[in-house]
Amino acid sequence: MTYFTGNLAERHVKRLAACIALAVGLTACGESRETQATAEPEVTPETPAKVGTAASSLEHWPTLQPALPRDEALEVRIAGLLAQMTLEEKVGQMMQAEIKSITPEEVKQYHIGSILNGGGTFPNNDKFATPDDWRQLADDYFAASMDTSDGGVAIPIIWGSDAVHGHNNVIGATLFPHNIGLGAAHDPGLIRRIGEATAREVAVTGVDWTFAPTIAVVRDDRWGRTFESYSEDPDIVAAYAREMIKGIQGDKNTEEFLDGRHLVSAAKHFVGDGGTTRGIDRGDTQVSEKELAEIHAAGYFTALESGVQSVMASFNSWNGKRLHGHKYLLTDVLKERLGFDGFVVGDWNGHRFVDGCTVDSCANAVNAGLDMFMITAEWKALLKNTIAQVESGEIPMSRIDDAVSRILRVKIRAGLFERDRPLAGKSGVLGSAEHRAIAREAVRKSLVLLKNNDQLLPVDARKNILVAGNGANNISKQSGGWTISWQGTGNTAEDFPGATSIFTGIKQAVDAAGGTVLLSENGELAADAFNGEKPDIAIVVYGEDPYAEWHGDLASIEFQLGSKEDQELLQKLKAHKIPVVSVFLSGRPLWVNKELNLSDAFVAAWLPGSEGAGVADVLLTDDEGNKRYDFTGRLSFSWPEQVHQTVINRNDENYAPLFSYGYGLDYSSDVQLANNLNEDGESYVDGNLEDAWLMVSRPQAPWKLFIADGEQEPLWVSGNLASSADNNITVASIDMLSQEDARALSWKGLRAGSVLLQTQKPQDMSRYLNEAAALTMDIRVDQAPQAPVFAQIACDGDDCNGALPLQQALNELPKGDWSQISIDLQCFAKAGTDFTRVSQGLSFRSEGKLSMAVANIKFVPGAAERAAIRCES
Ligand code: BGC
Ligand code: BGC
């Protein structure tokens with residue numbers, strides 16, 4: 001590890017400048033906050049909550065009639081069931097537990113209304129569970145829900161799953177391109193067919209309901225769920241939502257509606273999920289009501305028109321108020337103004353963010369209009385507490401009756417009482433040739449040609465073709481997140497029976513045309529490859545590795561992961577004068593000017609899924625050298641020209657992307673793109689200085705987390721647990737508000753040592769100093785220090801390492817509770833940090849025993865004034 005120099009132990013004690021006197025004895029580093037409150041991103045004076053907090057106004061929302069006319073017989077049936085149900089049974093209907101946390105026996109005992117399998121949860125905990133294992137488990141839960149041997153009313157359970165790009169939790173299913181690629185296809189009819197095929201595959205496994213589609217309109221592409229969005233623009237999202245719902249549920253005006261081949265759909269996440277500040281997952285969407293309705297809700301109007309039966313509440317807040325507790329939006333707008341008569345399901349324990357709530361108690365969400373809690377594990381306690389809240393009058397009985405009526409309405413409409421499941425167990429339908437053909441067509445239509453200098457494409461399939469890059473023969477990488485596992489990680493080729501990698505597709509095309517193709521990930525070739533001749537062309541497939549919610553949030557839109565390797569590969573090919581076609585796999589537009597400059601042709605292929613052959617269909621010719629399919633994909637997201645263009649959307653003022661919304665070449669275009677696009681990443685600091693995140697959920701690029709214990713080689717903390725020798729220092733991922741969003745740091749005190757956020761390339765952070773920034777973080781002290789502790793911001797070399805003593809401040813914090821602490825960067829500067837070349841964004845060094853946890857570490861411009869630890873410049 002070359003970028004650690006000098007003895008860290010010595011540096012800390014060296015320079016304790018004047019401001020330390022101010023720092024110690026300071027008032028407990030800021031007030032302690034309620035855990036709930038830390039969930040709310042601060043509304044700083046720079047970003048005032050100027051809108052939405054004022055009186056809301058329904059005029060921004062259309063008045064819609066319920067999609068299905070009122071059915072008297074159905075309502076009588078609902079009322080009849082309701083009349084027989086006890087309070088326990090009713091509240092049981094409102095619980096959705098995760099299959100890992102509930103048995104069929106418990107479903108029967110507690111009259112539970114719903115179950116889900118989260119991303120990466122399988123029947124019997126078996127990744128390779130067969131479609132029949134799924135169906136069997138579904139049957140067991142169903143039978144339990146209908147078993148009235150202990151009394152009670154038989155109400156069928158409803159099982160939901162995230163079939164977000166095909167039935168992606170099940171091995172062997174067809175995996176369609178993720179939504180961002182579908183958005184580029186501009187083909188609503190195709191979307192409907194994908195919805196139908198997906199519903200059929202889900203139906204095989206006995207699952208009743210898919211948590212799809214995501215109809216977020218994503219504005220800041222740093223959000224880790226950008227790939228789940230069809231477009232940054234409401235037009236495509238609205239058109240697609242209408243068709244996707246029709247595809248999944250069937251046409252509401254025909255017999256096919258919810259007929260067991262067509263299932264219940266959930267439009268998600270209501271509302272504003274794609275509009276959070278800085279693209280932070282579960283963050284705050286600070287927009288006017290007009291913008292919320294016109295941009296972020298556009299897909300709901302058409303989804304409702306198509307008769308969507310459930311809507312999932314979003315994790316995010318709107319101008320500071322969480323959606324799960326937002327009565328105005330859930331009840332006044334969605335249910336009343338927009339005429340929604342289905343039910344609102346929560347997102348994964350999302351109710352716990354609501355003011356006054358915990359994971360197992362949340363009357364405010366029910367009262368706001370949430371009908372079903374996605375409560376995953378703690379359902380027993382939530383059930384009990386909710387019942388008590390009804391008994392005490394905190395939740396009116398009328399609200400419970402309304403929620404349960406809505407759930408019953410959907411269950412009856414979906415035929416769950418009769419359990420007519422024409423496809424259950426028909427495993428041939430899962431991953432069928434017919435469905436794969438639709439997915440392959442979708443891949444072809446999703447590809448966007450961004451550069452094709454000298455009309456290099458199509459590639460003549462009769463030639464000598466080198467295929468390189470770590471995405472070429474990598475079905476996991478081409479499929480992205482929400483693929484078998486939640487984050488899409490940990491999968492290998494064996495996990496994709498029936499699927500085709502991009503390389504396999506190319507090879508099929510080349511073999512058919514009589515050319516020669518070789519795969520070499522790193523581009524190296526044996527001397528006798530291609531009979532000793534140079535390849536005529538190289539197709540290089542690379543891009544982002546899989547990620548999903550919040551793990552995929554980025555601080556910068558620069559393509560970073562692995563890019564050094566990829567750039568070297570492109571450079572090598574360029575040096576050998578081999579024309580290069582880049583096939584870029586990504587879940588969002590990224591700043592790739594360097595890669596564009598090194599490529600003769602560049603294709604945005606997004607995350608195509610299991611049918612990689614769709615790529616070759618468009619890129620390679622037939623055996624006569626003629627194109628087979630042309631490019632028809634057009635960008636549904638604007639592509640940035642500068643690295644600071646993190647929020648860049650069609651219809652912006654001063655819109656200046658590299659490739660505009662709607663851009664895309666085809667084989668008739670003759671467009672040369674200059675190879676001198678700006679490669680200067682420093683322009684990142686142009687314009688308004690944004691918060692610099694060192695760690696949010698996980699360390700943010702370019703920062704990485706390390707343990708530096710005594711003289712030991714520093715240890716990179718890449719997973720969720722790491723310890724130095726003798727477990728002297730341990731770093732573990734823990735939950736503050738959401739899964740693994742904080743790190744617990746503990747020192748046994750055997751030696752002095754540090755935990756640090758380090759970067760290989762020194763960063764010029766001086767603008768933060770100049771713009772009066774403070775270092776802020778959430779912190780919880782579990783075992784107070786008895787020996788000195790320091791916080792340090794440092795550079796390589798011995799001459800710029802500002803360290804501040806922290807022991808007293810930590811001792812004054814309330815034990816076991818989260819607080820926020822903020823330190824004026826001037827204090828570090830005075831202690832000696834040179835902010836023009838920071839390589840240690842922050843380190844904690846302890847000389848004795850200490851146990852604490854930290855989260856949300858960032859530099860916040862302008863926050864020095866309000867910092868708890870301040871130093872005059
Ligand atoms: C996601 C939802 C998903 C749910 C169930 C949540 O974390 O936000 O989109 O449907 O989990 O897996
Ligand atoms: C589940 C996901 C869920 C996530 C949210 C994961 O463990 O598998 O489905 O969305 O947790 O916390």
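Both counts, for ligands and for their atoms, begin at 1 and track the order of listing. Values below: all heavy atoms of this structure, side chains included; hydrogens, waters and symmetry mates excluded. When a residue number appears, it is its place in the shown sequence, counting from 1.
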Answer side chain, backbone, both or neither: which part of [X] comes under 4.0 Å from ligand 1, heavy atoms only.
X	value
L116	side chain
R225	side chain
R282	side chain
F315	side chain

Inset, instruction - Before signing off on this row, confirm whether K268 and ligand 1 have an N or O atom pair separated by under 3.5 Å. - result: yes
Legend entry - Per-atom contacts, ligand 1 versus H269 - under 4.0 Å to a heavy atom: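 Result: 2 (C), 8 (O), 9 (O).
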Inset, instruction - Please could you name the atoms of ligand 1 that F211 approaches to less than 4.0 Å, counting only its heavy atoms? - result: 10 (O)
Inset, instruction - Identify the heavy atoms of I158 and W209 that sit nearest to each other, and give their distance. - result: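 Distance-wise, the nearest heavy atoms are CG1-CE3, 3.7 Å.
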Legend entry - For the student: nearest non-hydrogen atoms of V207 and L263, plus distance: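 Closest approach of V207 to L263, heavy atoms only: O-CD1, 3.6 Å.
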Inset, instruction - Please state whether the rings of F122 and W134 are parallel, tilted or perpendicular, taking 30° and 60° as the class boundaries. - result: perpendicular
Legend entry - Geometric cation-pi criterion, R419 with F142: 6.0 Å, 45°: yes
Legend entry - Side-chain donor or acceptor of R200 paired with backbone N/O of V429 under 3.5 Å: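 No: the side chain of R200 does not pair with the backbone of V429.
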